[in-house]
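Computed over heavy atoms, backbone and side chain alike; hydrogens, waters and symmetry mates excluded. Atoms within a ligand are numbered from 1 in the order they appear, just like the ligands themselves.
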Amino acid sequence: MKYITTPIYYPNAKAHIGTAYTTILCDTLARYERLYGQEVKFLTGTDEHGQKIQESAEKNKVTPQQWVDKMSKDFIDLWKALSISNDDFIRTTEQRHIDTVQKILQKVYDNGDIYLGEYKGKYCVSEETFVTESQLVDGKYMGKEVIEVSEPSYFFRLSKYADKLLKYYEEHDDFIIPKQRKNELIAFINQGLQDLSISRTSFNWGIPINLTEEKNHIVYVWFDALTNYLTGAKYGTDEEYFNHVWNNGDIYHFVGKDILRFHAIIWPAMLMSAGIKLPDHIVAHGWWTVNGEKMSKSLGNVVDPIEEVEKYGVDAFRYFLLRESTLGQDADYSENQMVLRINADLANDLGNLLNRTLGMQKKYFGEVVKESGERTEIENGIYELYNEVLKDVYSKVEEANFSKALESIWKLISRMNKYIDETMPWNLFKENNLDRLRTVMYTLFDMIYKCSYLVSPVLIDSSKKMLNQLGVVDIKTNIYEIGDYVPNTKIGNASPIFPRIEKKEKEFDDELKIQDAINIDDFSKVKISVVEILKVSEVESSDRLLKFIVDTGKEKRQILSGIKHYYKEPKKLVGKKVLAVLNLEPVKLVGNISQGMLLTTEQKKNVRLIEISDEVKVGAKVKW
Ligand code: MSP
């Protein structure tokens with residue numbers, strides 16, 4: 001049993017491609033696991049309590065409950081539009097969840113890990129997190145406002161779990177995915193873990209705490225939210241189910257890198273305290289930027305996933321997000337890249353393979369696919385490759401590395417395109433070598449059949465269309481049960497599943513045009529080299545110019561540069577390596593010869609010479 005969860009979303013903002021991405025990753029894992037015969041429970045939902053929600057509701061002049069009812073519905077609709085196959089949707093305002101939170105609080109309290117104290121300090125409402133002085137930059141946390149809070153509070157003894165957490169990381173190498181992220185968690189714990197304030201009294205939109213006589217406390221929104229994963233597994237209400245899903249399940253929590261600490265430090269400590277098994281994997285993904293910039297409302301560059309799906313279709317959109325991102329690293333979204341991917345991978349590699357095959361079949365044998373003749377070495381190699389890919393895809397998927405899984409499938413697709421070029425079915429037909437032609441055509445059909453299944457968790461509808469065109473009616477759910485393509489199948493109608501996006505590409509070409517462009521020949525006339533400054537002096541009767549004697553590696557030269565104003569102590573430049581244009585026509589400036597030009601940068605009216613690191617030798621040429 002694979003238990004796969006997304007973070008639950010704050011239903012107070014519209015989702016963008018970044019938020020959609022976490023859920024698409026989970027959905028892809030869920031679909032691959034099902035395809036490879038695993039039982040899956042896939043949970044998502046909305047995180048509906050907390051100060052931020054209460055404030056949004058007030059601003060919109062509705063009650064918090066009305067607010068979250070509306071907003072969580074928007075999320076449900078979004079997931080439908082993105083073909084998300086979750087089999088549970090949790091809302092933290094549901095009674096089943098409120099009960100679970102109270103149960104776990106009681107457990108942790110009974111274990112002596114909750115005590116009453118006073119919280120005095122900073123709180124960031126926008127991120128719903130307590131903030132220490134050391135996390136502030138210019139009085140802000142991650143660029144967001146913080147407020148002073150001072151109120152009685154329940155605390156969770158997080159500090160007690162520092163060593164246990166470190167030990168757990170050490171003993172479970174696949175707990176944090178990708179592995180490199182473990183280091184930042186270890187560093188954070190080693191700075192010293194403080195106990196965590198887990199209740200608030202200054203507002204009331206949350207789950208009430210009934211541990212002691214102390215009244216008016218509601219649960220801190222993260223303690224509340226993290227518990228949703230237990231609610232989904234029916235903790236404390238259905239022992240058999242909980243055993244199956246949680247205790248015997250392989251648990252994957254997917255998160256963005258910003259919320260890794262909550263999941264890899266606070267959450268495991270809560271579970272340790274309550275005596276519950278820890279999740280098996282926390283998968284942390286990177287950030288999506290747009291055309292190289294951070295996505296933000298103020299920049300007006302927030303990408304709406306629904307708009308993208310309307311433009312390109314849900315399959316291509318999902319394919320792009322998964323193929324274009326390396327797990328754990330930031331990735332960039334641009335329409336340009338999207339169109340290139342659709343045209344290259346989907347229209348050319350995959351779409352053409354199918355189209356060419358159907359076209360040849362019709363021409364050579366009609367609508368019914370013949371049985372294969374005897375396989376040769378080349379076919380044996382292809383079947384071997386398929387078996388490798390079948391295994392490799394699953395192992396990459398288990399590491400949530402979908403870009404690598406897709407790369408692996410595309411190896412097979414490319415192999416098949418090459419197979420057509422190598423075997424040249426048109427020649428076999430011309431030569432009337434029909435035996436061999438039968439084998440080639442059958443192998444093509446069988447491999448496209450198998451590829452359709454391999455891509456089905458990403459290209460959901462398209463894979464069905466592919467199978468339809470191959471004439472397959474009985475679509476299986478388990479890849480180990482698909483068998484081989486059945487000979488004598490009557491193929492369906494061929495029509496392009498991934499049409500090329502021509503118009504767009506032309507628009508991009510136009511966009512790429514640069515005014516006053518020079519060509520590479522023009523550019524390569526300029527000779528730029530590394531020179532060392534041997535001497536600097538002022539030029540009499542000029543308040544701008546400095547006179548440099550430089551070593552070019554071959555000779556000494558004098559170069560004048562108008563940067564006096566920017567260097568108070570020009571002598572300090574002696575010994576520095578900088579860049580100079582050496583084939584510029586010499587000029588005379590206020591009676592001094594200048595045999596070249598030093599290169600500088602300018603930013604906010606500050607000009608600096610471009611310095612080159614010491615390991616580069618004098619005389620080295622600038623190459624491109
Ligand atoms: N409610 C909490 C999660 C509680 S889980 C017990 C939360 N919600 S969120 O709506 O703010 O974020 C949901 C997910 O979207 C997170 O995984 C977050 O990392 C991800 N992303 C938000 N902006 C993103 C990008 N620009 N790029 C990629 N993912 C981003 O946090």
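Proximity of Phe254 to ligand 1, defined as any heavy-atom pair under 4.0 Å, is not found for any part of the residue. The proximity of Trp222 to ligand 1, defined as any non-hydrogen pair under 4.0 Å, is limited to the side chain. Here Thr19 has heavy atoms under 4.0 Å from ligand 1 in both its backbone and its side chain.
The backbone N or O of Tyr123 sits nowhere less than 3.5 Å from a side-chain atom of Tyr141 that would complete a donor-acceptor pair. Checked by atom type and distance alone, the side chain of His281 never pairs as donor or acceptor with a backbone atom of Val283 at under 3.5 Å.
In this structure, Lys234 forms a cation-pi arrangement with Tyr241, its terminal cationic atom sitting closer than 6.0 Å to the ring centre and no more than 45° off the ring axis. With Tyr10 as the aromatic partner, Lys52 meets the cation-pi criteria of under 6.0 angstrom to the ring centre and within 45 degrees of the ring axis. A cation-pi geometry, defined here as NZ or CZ lying under 6.0 Å from the six-membered ring centre and within 45° of its normal, does not hold between Arg341 and Tyr312.
Distance from atom 26 (N) of ligand 1 to its nearest protein heavy atom, with residue and atom name: Trp288 O, 3.6 Å. Scanning the protein heavy atoms around atom 23 (N) of ligand 1, the nearest turns out to be His16 CE1, 3.3 Å. Residue, atom and distance of the protein heavy atom nearest to atom 9 (S) of ligand 1 are Tyr10 CD1, 3.8 Å. For atom 17 (O) of ligand 1, the closest non-hydrogen atom on the protein side is Gly256 N, 2.9 Å. Looking only at heavy atoms of the protein, atom 24 (C) of ligand 1 is closest to Trp287 CZ3, 3.4 Å. Atom 14 (C) of ligand 1 has as its closest protein heavy atom Tyr9 CE2, 3.7 Å. Residue, atom and distance of the protein heavy atom nearest to atom 3 (C) of ligand 1 are Ile8 O, 3.1 Å. In this structure, atom 18 (C) of ligand 1 lies nearest to the protein heavy atom Asp258 OD1, 3.5 Å.
Here's the thing with Asp47: one of its N/O atoms is less than 3.5 angstrom from an N/O atom of ligand 1.
In this structure, Arg318 pairs ionically with Asp27, as a charged nitrogen and a carboxylate oxygen lie closer than 4.0 Å. Taking a cutoff of 4.0 Å between a charged side-chain nitrogen and a carboxylate oxygen, Asp74 and Lys70 qualify as a salt bridge. For the pair Asp77 and Lys73, the salt-bridge criterion is met [side-chain N within less than 4.0 Å of a carboxylate O]. Under the 4.0 Å criterion applied to side-chain N and carboxylate O atoms, Glu170 and Lys167 are not assigned as salt-bridge partners.
Using a 4.0 Å heavy-atom cutoff, His263 is listed among the residues neighbouring ligand 1. Remark: distances from the non-hydrogen atoms of Tyr229 to ligand 1 include one below 4.0 Å. Within the structure, ligand 1 has Gly286 among the residues with a heavy atom less than 4.0 angstrom away.
Enclosure of atom NZ in Lys61 is not indicated, since only 12 or fewer non-hydrogen atoms of other residues, nucleotides or ligands lie within 6.0 angstrom.
The Met295 neighbourhood of ligand 1 comprises atoms 26 (N), with distances under 4.0 Å to a heavy atom of that residue. Within the listing of ligand 1, atoms 6 (C) sit less than 4.0 angstrom from a heavy atom of Leu226. Which parts of ligand 1 touch His285 is read off a 4.0 Å heavy-atom cut-off, strictly below it: atoms 28 (C), 29 (N). Here is the list of ligand 1 atoms found below 4.0 Å of a heavy atom in Ala225: 6 (C).
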Trace of the ring-ring contact (aromatic ring centres under 6.0 Å, His included) decision for Trp410 with Tyr319
CA-CA 12 Å; Trp410 254 253; Tyr319 176 79; 5.1 Å; yes
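Between the side chains of Thr201 and His217, no donor N or O sits under 3.5 Å from an acceptor N or O.
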